Amino acid sequence: MNAKKYVGAGVVKSDAKALTTGKPVYTDDLAPADCLIVKVLRSPHAHALITNINTNIAMKVPGIVCVLTYEDVPQCRFTMAGQTYPEPSPYDRLILDRRVRFVGDAVAIVAGETEQAVDKALKLIKVEYKVLEPVLDMRKAKDNKILVHPEESWKSLCPVGADNMRNLCASGSDSHGDVDGTFAKCDVVIERTYRTKQNQQAMMETFRTYTQLDTYGRLNVISSTQVPFHVRRILSHALDIPKTQIRVIKPRLGGGFGAKQTVVTEVYPAIVTLKTGRPAKIVYSRYESMIASSPRHSMELTVRMGATNDGIIKVIDLYTLSNTGAFGEHGPTTVGLSAHKPIPLYGKQEAFRFTWDVVYTNTLSAGAYRGYGATQGIFAVESTVNELAEILNIDPVKMREINLVREGQVMHAYYGETATSCALDRCVERVKNMIDWDKKAKPITLPNGKIRAVGIAMAMQGSGISNVDVGSVTIRMGDDGDYNMLIGCTDMGTGCDTILAQMAADCLDCDMKNIAVYASDTDVSPYDSGSYASATTYVTGMACVKACEELRNKILLTGAEMLKVNVDDVDFDGQKVYVVADPEKFVTRKQVGYKGQCFSNRELAATVSHSSPTSPPPFMAGAAEIELDPETGKVELVDYCAAVDCGTPINPNLARVQTEGGLVQGIGMALYEDIIYDEKGVNYSNSFMQYKIPSRLDINKVRVEFESSYEPSGPFGAKSIGEVVINTPSPAIAAAVATACGVRIRELPITAEKIVIGLKNK
Amino acid sequence: MAKILISFTLNGKKIEDAVSPDQPLLEYLREKGCKSVKRGCETSNCGLCTVLMDNKPILSCTMLAVRADGHNIITLEGKQQQAEEIGSYLAKEGAEQCGFCSPGLIMNIIAMKDELKNPSEDEIREYLSGNLCRCTGYVSQLRAIKAYLVSKEDCQ
């Protein structure tokens, strides 16, 4: 590997021109014009049994091709969670079920020639329900007499402490050290409870899929998904057909943020195509994407924290109650991150304990959303640290400087992993300077009565799922000695198709234009778990480095044979294989490439899979400066500063935009994003009118800087960046609000209403 | 439903067509092959479906196709050169990300450039406030837009 040329450079994404000129590269742009239009009839009840369903009149609508009910679907339960098999998420779904479990649950599938016909038919399906009492409050779900999943065919494949007869999707506990003994030794112990709500990923492209049969009669699924290989397996389970009969292709994605790590739409057109033999497509409206999707798990987190009078945090005991909603997608796994990410940030602890319950309720089924439980846990633990700092009369930045985890330390609450690369200390220092903390730590009342204040928080995440995630890269040399790189990870705007090519170009000492990248297609791409869990740069990136190394060796072997010398006597500089002792003797890359196509018994290609036994955390610190109006409770975010340690930023421009975008999503979660249900379980937050995401006018200054460590197990020293960046705004903004007006908001979002109520109750 | 005959200009081409009276312009334009026009919501919040009617930006999701009668409609397909230029500024910052909101945003940037002289940062934000983006958090887009306007000597 020669001097770095592309790694570390802000290379423009290879798909940029197609995207900015509006080329038809997304799922719905590519769907054939003769696709049947598929829509889903949705339950108006949070909990009910279908006693009768009459589709006769609907079938008579001209243009209607099929109407499917629970009687028409395979009876094998499956999970829609895009996870490695065997999935920790319980098998609790059917494509259509007689029991409906939330307002918006699927009741029937209608397919027809036109949208108008389908809309008309949806209205003409006659459904009779036996309406049942729902479980809507997650605090009352465990051991409630009302069961969300009483069915005998429910099953859990992994030992996650699930029990459908107790409304439990998962439960358990974990600890290290003498928790009670350490609490007894502490000078101060505080206990606080925090609540976070369901949040929508709100990617601009809603869920969508089209399906068709190919030449061989196989089901081809073209879908806006982060997990093509998981989609194939899950569809095979749901449809009860062999996996070889399914091919999944991912075109460009209009955003994902974890939403598309759940197989939300794929089953509907797939079953229609299987039943009718015709191409079919479903495009969720924004309304459906709000009421029948895969939002962040709402959680209630109780933190007990013990410390010495001089501010050393000795022990944390966390109980997390998580609401998985009507189905268990990602329920057993998200909850773990609520402890595994915040607790290890504090390096002087002697003990920790983590206990959890994940419960079913008759609300929207939760899923994966950037941060994946860490966001909730970090809001709770970082807020508790801020409260503890106030009680101990220690500056919150100082509190962190005293306690933060440092490189080389063992993180007991993080699977006992060692912090092999950690610049968290530098991140805190940097953010402190960026926001001018020492000058602004005390709140200032402005002449207009508004109060300016600052708040800080730290965060970490992982880089892929250790001992699980697999990334693979196939790289091969072809015509002219140029390369094709096939990958199975899924660029959803993040730029992984580009950054993996940056890495490959540096590994093979060539120009990026010499490498054609293709992703992703389950028939063509090598296996990849998919792009989630902040895995792609770190896991697939390492597969890329290893694949290039293997191909390089084959290039050397072939070149040496052509030069009739020993392979130890040659080197490859990216353009030619040459004899080291006599560089005038060489064969060009082009010659080597064509040699591979003529009288060759060696394929000039390498496919390498990579998995990591560790998941090195990226770290960061974030600080918010707000202006709070004590008359109205309105909070305006004046400035947000972040310093991030993602290891080596492979593409600093894209890393920066990831950070800015993640921060702004976190700001939305902190200040306004909220899914609100009425007393019957109807989701009010069903459009961008009711579910407000930040607009351009809500964002003032967002400033990002990097404090890089070097991760020895990552490609070029890289870790991840995608998720860690969403975690700091909620605790940092909550801290700034508390500093400004003395009101601690412990339930997100931090609305003006809650602040005014807090001020009144002071 | 009886179709209605309309006559209008689409990306410089005269079109006469019979359209359904209940079809939004957005759907009609996509049927005509203008796939750059995207739908992100049903409530006129996201700005993804922005096109130009008589050089003014409109939301094609909330206008019926029949209302295009007699007007001049331009989508990003009809502004490829400007799209490429503005797009290159976005791409230099990595600010296109998933790209799904880019066509609507770029249409509105084109309209803004025609309408505002030397817009300030606040004016830019205000003008483009109806164009939502979930990937970028907007700051990289602002950097890109300012750089583009500076290149056109049209920014404070």
Side-chain angles (χ1 to χ4, degrees), chain A residues 10 12-13 15-26 28-29 33 115-116 201-206 252-257 283 285-287 491-495 651 653-665 667 687-689 693-699 701-704, chain B residues 1 20 22 27 30-31 33-46 48 75-77 79-80 83-84 86-107 122 124-142:
Chain A
V12 167
K13 284 203 297 137
D15 55 359
K17 190 174 162 189
L19 301 188
T20 55
T21 55
K23 294 290 178 284
V25 291
Y26 301 91
D28 189 35
D29 303 338
E115 188 170 357
Q116 287 80 357
Q201 298 87 348
M203 58 285 160
M204 285 297 116
E205 183 200 39
T206 58
R252 288 294 102 183
L253 262 65
F257 316 116
V283 175
S285 62
R286 180 59 59 185
Y287 171 75
D491 192 335
M492 62 198 109
T494 46
N651 184 322
N653 284 8
L654 298 180
R656 180 177 303 281
V657 177
Q658 280 294 306
T659 309
E660 293 163 348
L663 289 173
V664 170
Q665 286 185 5
I667 290 163
S687 76
F688 281 144
M689 295 279 195
I693 65 169
S695 84
R696 235 167 272 272
L697 294 175
D698 299 308
I699 300 306
K701 276 197 285 185
V702 175
R703 296 184 286 147
V704 174
Chain B
M1 220 177 293
S20 294
D22 61 348
E27 259 69 51
R30 283 186 64 85
E31 272 179 28
C34 299
K35 303 281 191 184
S36 75
V37 189
K38 300 287 192 266
R39 180 185 277 286
C41 71
E42 303 87 52
T43 48
S44 313
N45 286 102
C46 73
L48 265 63
T75 70
L76 205 64
E77 281 80 1
K79 289 277 185 190
Q80 285 291 287
E84 205 174 306
I86 296 169
S88 74
Y89 282 89
L90 289 169
K92 271 181 226 159
E93 291 286 345
E96 82 286 13
Q97 287 286 295
C98 84
F100 206 70
C101 74
S102 294
L105 173 67
I106 291 174
M107 290 310 290
D122 282 348
I124 295 171
R125 270 207 289 262
E126 176 79 34
Y127 197 98
L128 302 174
S129 63
N131 293 90
L132 293 180
C133 164
R134 191 61 158 170
C135 293
T136 64
Y138 306 111
V139 276
S140 58
Q141 292 185 346
L142 187 60

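Per chain, numbering begins at 1; letters A, B, ... match sequence-line order. As the structure is a prediction and not an experimental result, all values here were calculated from the model.
Proximity to chain A is limited to the side chain of B:Arg30, based on heavy atoms less than 4.5 angstrom apart. Heavy-atom distances place both the backbone and the side chain of A:Asp28 under 4.5 Å from chain B. For B:Ile106, the part sitting under 4.5 Å from any heavy atom of chain A is the side chain, from C-beta outward, and nothing else. In this structure, no portion of A:Leu663 lies under 4.5 Å from any heavy atom of chain B. For chain A, the nearby part of B:Leu48 is the side chain; its heavy atoms alone come within less than 4.5 Å. Proximity to chain B (any heavy atom under 4.5 Å) is shown, for A:Arg703, by neither the backbone nor the side chain. The contact between A:Ser687 and chain B is made entirely by side chain atoms (from C-beta outward), counting heavy-atom distances below 4.5 Å. Heavy-atom distances place the side chain of B:Glu77, and not its backbone, under 4.5 Å from chain A. Contacts of B:Leu142 with chain A are absent, with no heavy-atom separation under 4.5 Å from either backbone or side chain. For A:Met492, the part sitting under 4.5 Å from any heavy atom of chain B is the backbone (N, CA, C, O) and nothing else. For B:Asn131, the parts sitting under 4.5 Å from any heavy atom of chain A are the backbone and the side chain alike.
The shortest distance between side-chain heavy atoms of A:Met203 and B:Cys135 does not fall below 4.5 Å. At a threshold of 4.5 Å between non-hydrogen side-chain atoms, the residues B:Thr43 and A:Arg286 do not count as touching. Using a 4.5 Å heavy-atom threshold, the side chains of B:Arg39 and A:Glu205 count as separate. Using a 4.5 Å heavy-atom cutoff, the side chains of B:Thr136 and A:Glu660 are not in contact. Counting only heavy atoms from C-beta outward, the side chains of B:Cys41 and A:Tyr287 never approach each other to under 4.5 Å.
The residue among A:Gly254, A:Ala16, A:Pro24, A:Ser695 with the most heavy atom pairs within less than 4.5 Å of chain B is A:Ser695. Ranked by heavy-atom pairs shorter than 4.5 Å toward chain B, the options A:Val664, A:Asp29, A:Asp491, A:Asn653 are led by A:Asp29.
Between B:Cys46 atom SG and A:Ile693 atom CD1 the span is 9.0 Å, to the nearest 0.5 Å. Distance SG/B:Cys98 to CG/A:Leu19: 8.0 Å, rounded to 0.5 Å. We find the NZ-OG1 distance between B:Lys38 and A:Thr206 to be 12.0 Å, quoted to the nearest 0.5 Å.
For the side-chain hydrogen bond (donor to acceptor under 3.5 Å, both in side chains) condition, the pairs that include at least one residue of residues 95-106 of chain B, sequence neighbours left out, are A:Gln658-B:Gln97.
For the ring-ring contact (aromatic ring centres under 6.0 Å, His included) test, residues two or more places apart in sequence or in another chain that qualify with B:Phe100 are A:Tyr26.
For B:Glu84 (side chain) and A:Thr21 (main-chain N/O), no donor-acceptor pair under 3.5 Å exists by modelled atom type.
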B:Gln141 vs A:Arg696, test: side-chain hydrogen bond (donor to acceptor under 3.5 Å, both in side chains). Steps then yes/no. CA-CA 10 Å; B:Gln141 292 185 346; A:Arg696 235 167 272 272; 2.9 Å; yes

